[in-house]
Amino acid sequence: MSQGVVQEMVATALLGALNGAKQKGQLKTDAWPALTLDAPKRPEWGDLASTVAMSLASSEQRPPYDIAQIIVDNLPRREQLFERVEIVRPGFVNLTVKPALWQEVLKEIEASGTAYGTADLGRGRRVQVEYVSANPTGPLHVGHGRGAAVGQALVRLLKAVGYDVTGEYYINDAGRQMKLFGASVYARYLELCGQSAAVPEDGYHGAYITAVAERIKGKLGGAPGHPAPADLEDRCRALAYQEMLGLIREDLTSFGVEFQSWFSEASLHESQAVEQVLDELKSRGLLLEQDGALWFRSSAFGDEKDRVVKKQDGEYTYLAADIAYHRDKLRRGYDLLIDVWGADHHGYIPRMQAVMQAYGHPKERLHVVLVQLVKLLRGGVEVKMSKRTGSFITMREVIDEVGADAAKFFFLMRDSRTHLDFDLELATQRSADNPVYYVQYAHARICSLWRVAAERGIPRPLAIEADLSVLTDPDELGLIRKLSAFPEILQTSAAAFEPHRITYYLQQLAALLHTFYNKHRILPAMGDQEQSDAGPTEELTPDKTAARLVLMRGVQQVIHNGLAVLGISAPEKM
RNA sequence: GCGCCCGUAGCUCAGUCGGAUAGAGCAUCAGCCUUCUAAGCUGAGGGUCGCUGGUUCGAUUCCAGCCGGGCGCACCA
């Protein structure tokens with residue numbers, strides 16, 4: 001796994017030390033453990049620490065401390081790379097890197113720009129992320145919003161680390177729910193035409209149904225007093241479906257979520273794909289008939305029991321279409337399938353992974369990302385949602401109230417598997433308490449430096465031209481170290497399919513930036529008599545200003561890149 | 001009953017391919033703030049990492065068993 005420039009140089013040095021020691025016969029192990037370098041918790045433990053000596057202890061059959069000593073003695077370019085090299089207690093090798101090395105990070109960021117942090121973990125492998133996939137029977141609600149945020153972030157994140165990614169929406173436009181939806185709209189339509197009609201018992205009763213019916217009436221025209229043509233209900237259902245899907249697309253667009261592909265469940269039935277897939281399973285002996293139904297033998301692949309795919313009444317189950325759908329995904333040649341599901345569907349995972357195995361793939365070919373419920377609050381008070389009365393909060397309402405950026409940020413703040421508290425009031429606050437604001441403001445703050453600098457005719461320096469050696473202050477180096485960790489954050493987030501790690505990182509980076517900004521001057525103060533009261537004023541030479549501006553530029557770039565991966569804008573002004 | 005997820009500071013949560021004295025934000029408390037680059041700043045207190053065993057030089061992290069919460073166990077989607 002590639003890391004930041006500095007981490008790579010240090011890892012190379014450590015590897016050199018290990019190989020050197022091996023050649024001298026001081027170490028005998030063949031395979032070195034992974035040379036991961038972590039930033040230690042305490043500053044006195046240096047910039048980077050390695051636990052490699054302790055990992056080698058058992059295979060070398062020597063105390064870790066001795067091994068650490070051997071490694072340290074064999075470190076190549078020790079004088080050029082390290083300020084301080086220390087071995088601590090069990091066998092930690094604590095390394096303090098020369099400031100000059102850290103300064104390289106800023107050049108790296110400048111050279112890479114929006115590509116800083118990206119990697120090639122994926123090596124072009126093809127991944128499909130399927131998300132949202134709500135029934136087109138109603139507007140998207142908050143839960144879909146979280147799923148949408150997570151899905152689109154995964155798409156961007158996996159792209160950033162070198163995968164070829166497609167985001168897809170599976171439209172559940174077949175089956176019972178669609179029929180009920182159509183019948184409900186049709187009933188409202190008839191009512192609008194002055195005829196008496198009843199919405200089915202278990203149909204849809206929300207106010208939006210009437211709204212859809214009204215639009216349809218506008219298209220079809222009323223049919224007052226006349227008996228409905230036989231196909232009127234079908235036409236009504238088809239229009240209702242189009243209306244609803246159109247609204248869903250609009251909502252997703254205003255949320256800044258774009259799908260490369262929309263896949264219709266109904267098309268699987270029309271193309272006979274469902275039958276074909278069952279035939280395939282049958283020929284493989286994975287289908288059995290019992291009690292007048294057809295069962296997929298998912299238990300052969302670790303599912304707790306077999307599952308019905310065709311019911312006694314001859315109807316296919318949802319699973320049958322889902323098998324055909326995932327079969328289709330596999331045919332399309334993806335190396336990895338990611339499904340983003342509501343957490344209540346977790347019991348479904350083993351049977352879908354059984355499908356992977358039924359087609360000769362490892363079950364890991366399908367990875368399911370679960371998304372837990374969102375609890376909406378307003379000023380700390382829970383916003384009650386009752387799905388039964390149809391008065392749930394829609395995604396649209398949330399976006400309208402807090403904006404797409406804030407909504408995405410909040411949705412991505414926590415591990416998607418855990419319940420999320422989302423305070424709508426907090427999300428719109430312009431204060432440090434609001435994490436979205438806090439992070440975006442850090443970016444805007446730096447942008448305002450450029451405006452002020454331009455007004456005063458202060459040049460905008462390039463990292464390769466500026467003298468970065470003046471960046472030796474602990475606060476400066478602390479910021480640079482944080483910036484250097486960004487590539488690894490991206491990669492670990494992607495590997496774990498956990499975008500929330502980036503959100504967390506950005507908050508930490510923003511905190512460092514604000515602290516720095518409050519404590520140190522970057523541009524020279526206006527006026528001459530700036531000898532403030534007590535305390536030594538920091539000397540601010542033009543060189544220092546230039547170097548700090550380069551540092552600020554680096555912070556700006558990383559915040560920008562991090563937010564971009566989450567699908568959130570980085571405003572220049574707020 | 002079986003299965004999956006979660007259990008970390010008062011609250012909301014990070015962190016675990018096993019590493020050093022477990023972190024952040026909010027809240028609380030204590031100071032500072034005649035202000036500019038933009039919407040205050042600095043610090044403090046606060047913990048048996050659910051419990052008990054096991055593996056290990058070392059466990060919040062891995063394993064087992066419990067406890068608590070959520071969800072799932074359909075010829076629904």
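Per chain, numbering begins at 1; letters A, B, ... match sequence-line order.
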Residue that, paired with A/I338, satisfies side-chain contact (heavy atoms from CB on, under 4.5 Å) out of A/V368, A/L366, A/V369 | A/V369
Is any side-chain nitrogen or oxygen of A/T418 closer than 4.0 Å to OP1 or OP2 of B/rG7?
-> no
Rounded to whole angstrom, note down the P distance from B/rC76 over to B/rG18.
-> 44 Å
Decide salt bridge (charged side-chain N to carboxylate O under 4.0 Å, His left out) for A/D473 and A/K519; before the verdict, give the C-alpha distance in whole Å, the side-chain angles of both, and the deciding distance to 0.1 Å.
-> CA-CA 12 Å; A/D473 184 278; A/K519 189 166 163 190; 5.8 Å; no
Euclidean distance for P, B/rC5 against B/rC63 (whole angstrom) | 10 Å
With heavy atoms under 4.0 Å as the rule, sort A/A49 into base, sugar-phosphate or nothing.
-> base
Parallel, tilted or perpendicular: rings of A/W341 and A/Y348 (30°, 60°) = perpendicular
Looking at every strand, decide which applies to A/K305 at a 4.0 Å heavy-atom threshold: base, sugar-phosphate, or nothing.
-> sugar-phosphate
OP1 or OP2 of B/rU12 sitting under 4.0 Å from any side-chain N/O of A/K375?
-> no
What distance, rounded to whole Å, do you find between the two C1' atoms, one in B/rA27 and one in B/rC13?
-> 14 Å
Rounding to the closest angstrom, what is the interatomic distance between B/rG46 and B/rA22 at atom C1'?
-> 14 Å
Interatomic distance, A/M552 atom CE to A/L479 atom CG [nearest 0.5 angstrom] | 5.5 Å
In whole Å, what separates the C1' atom of B/rU34 from that of B/rA30?
-> 23 Å
Atom CZ of A/F410 and atom P of B/rC26: how far apart are they, to the nearest Å?
-> 12 Å
Checking B/rC41, B/rC75, B/rU37 against the side chain of A/R456 (C-beta onward), the nearest is B/rU37
Nearest listed nucleotide, side chain of A/Y504, among B/rA39, B/rA14, B/rC75 = B/rA14
Could you tell me whether a side-chain N or O of A/N434 sits under 3.5 Å from a main-chain N or O of A/R430, the two making a donor and an acceptor?
-> no
Is it true that a side-chain atom of A/D306 and a backbone atom of A/S299 form a donor plus acceptor pair closer than 3.5 Å?
-> yes
Does any N or O in the side chain of A/Q491 come within less than 3.5 Å of the main-chain N or O of A/P487, such that one atom is a donor and the other an acceptor?
-> yes
Verify, without hydrogens or angle tests, whether A/K375 (side chain) and A/E382 (backbone) share a donor-acceptor contact under 3.5 angstrom.
-> no
Distance between the C1' atoms of B/rC62 and B/rG23, in whole angstroms?
-> 22 Å
Separation of A/D415 atom CG from B/rC4 atom P, in whole Å?
-> 18 Å
Phosphate OP1/OP2 of B/rA77 contacted by A/N172 side-chain N/O (<4.0 Å) = no
Find every protein N or O atom lying less than 3.5 Å from an N or O atom of nucleotides 67-72 of chain B, and list the pairs.
| residue | atom | partner | partner atom | Å |
| --- | --- | --- | --- | --- |
| B/rC71 | O2 | A/H346 | NE2 | 2.8 |

Report the relative orientation of the aromatic rings in A/Y170 and A/F263; use parallel for angles under 30°, tilted for 30 to 60°, perpendicular for over 60°.
-> tilted
Contact class for A/L449 (heavy atom, under 4.0 Å): base, sugar-phosphate, or nothing?
-> base
Closer to the 5' end of RNA chain B via nearest nucleotide, is it A/H514 or A/Q177?
-> A/H514
A/S58 near the nucleic acid: base, sugar-phosphate alone, or nothing, with a heavy-atom cut-off under 4.0 Å?
-> nothing
Remember a base hit wins even if backbone is also touched, and classify A/A432 as base, sugar-phosphate or nothing at under 4.0 Å, heavy atoms.
-> nothing
Between A/L513 (CG) and B/rU37 (P), how many Å, whole number?
-> 16 Å
Sort by first number and list every stem of RNA chain B: at least 3 consecutive Watson-Crick or G-U wobble pairs, both distances under 3.5 Å.
-> B:1-7 with B:67-73, B:10-13 with B:23-26, B:28-32 with B:40-44, B:50-54 with B:62-66
Does any donor atom in the side chain of A/Q440 or A/D405 lie under 3.5 Å from an acceptor atom in the other side chain?
-> yes
What nucleic acid atoms does A/Y438 come within less than 4.0 Å of, heavy atoms only: base, sugar-phosphate, or nothing?
-> nothing
Determine the Euclidean distance between corresponding C1' atoms of B/rG45 and B/rA39; express it in Å to zero decimal places.
-> 29 Å
Rounded to whole angstrom units, what separation is found between the CG atom of A/D433 and the P atom of B/rG40?
-> 9 Å
Length of the line joining A/R417:CZ and B/rG7:C1', which is rounded to integer Å = 14 Å
Are A/W450 and A/Q556 linked by a side-chain donor-acceptor pair shorter than 3.5 Å?
-> yes
Euclidean distance, atom CG of residue A/D38 to atom P of B/rG23 [Å, nearest integer] = 15 Å
Distance-only donor-acceptor test (3.5 Å): side chain A/R42, base B/rU21 = yes
Scan A/D202 against the nucleic acid and name what it touches under 4.0 Å (heavy atoms): base, sugar-phosphate only, or nothing.
-> nothing
C1' atoms of B/rG53 and B/rC67, separation to the nearest Å | 15 Å
Looking only at side-chain N and O atoms, does A/R501 come under 4.0 Å of OP1 or OP2 in B/rG15?
-> yes
For A/S55 and for A/E572, find the nucleotide of RNA chain B with the closest heavy atom, then tell me which residue's nucleotide is more 5'.
-> A/S55
Could you please name the option among B/rG15, B/rC41, B/rA77 that lies closest to any side-chain atom of A/N518?
-> B/rC41
B/rC41 P sits how many Å from A/D475 CG, rounded?
-> 15 Å
Can you measure from CD1 (A/I71) to CG (A/L18) and round to the nearest 0.5 angstrom?
-> 5.0 Å
Side-chain-base donor-acceptor pair under 3.5 Å for A/R176 and B/rA77 | no
Just how far, in rounded Å, is P of B/rC5 from CZ of A/R414?
-> 21 Å
With a non-hydrogen cut-off below 4.0 angstrom, is A/M413 in contact with a base, only sugar-phosphate, or nothing?
-> nothing
Is the shortest side-chain N/O distance from A/R307 to OP1 or OP2 of B/rA74 below 4.0 Å?
-> no
Side-chain donor/acceptor of A/H144 to backbone N/O of A/H141, under 3.5 Å = yes
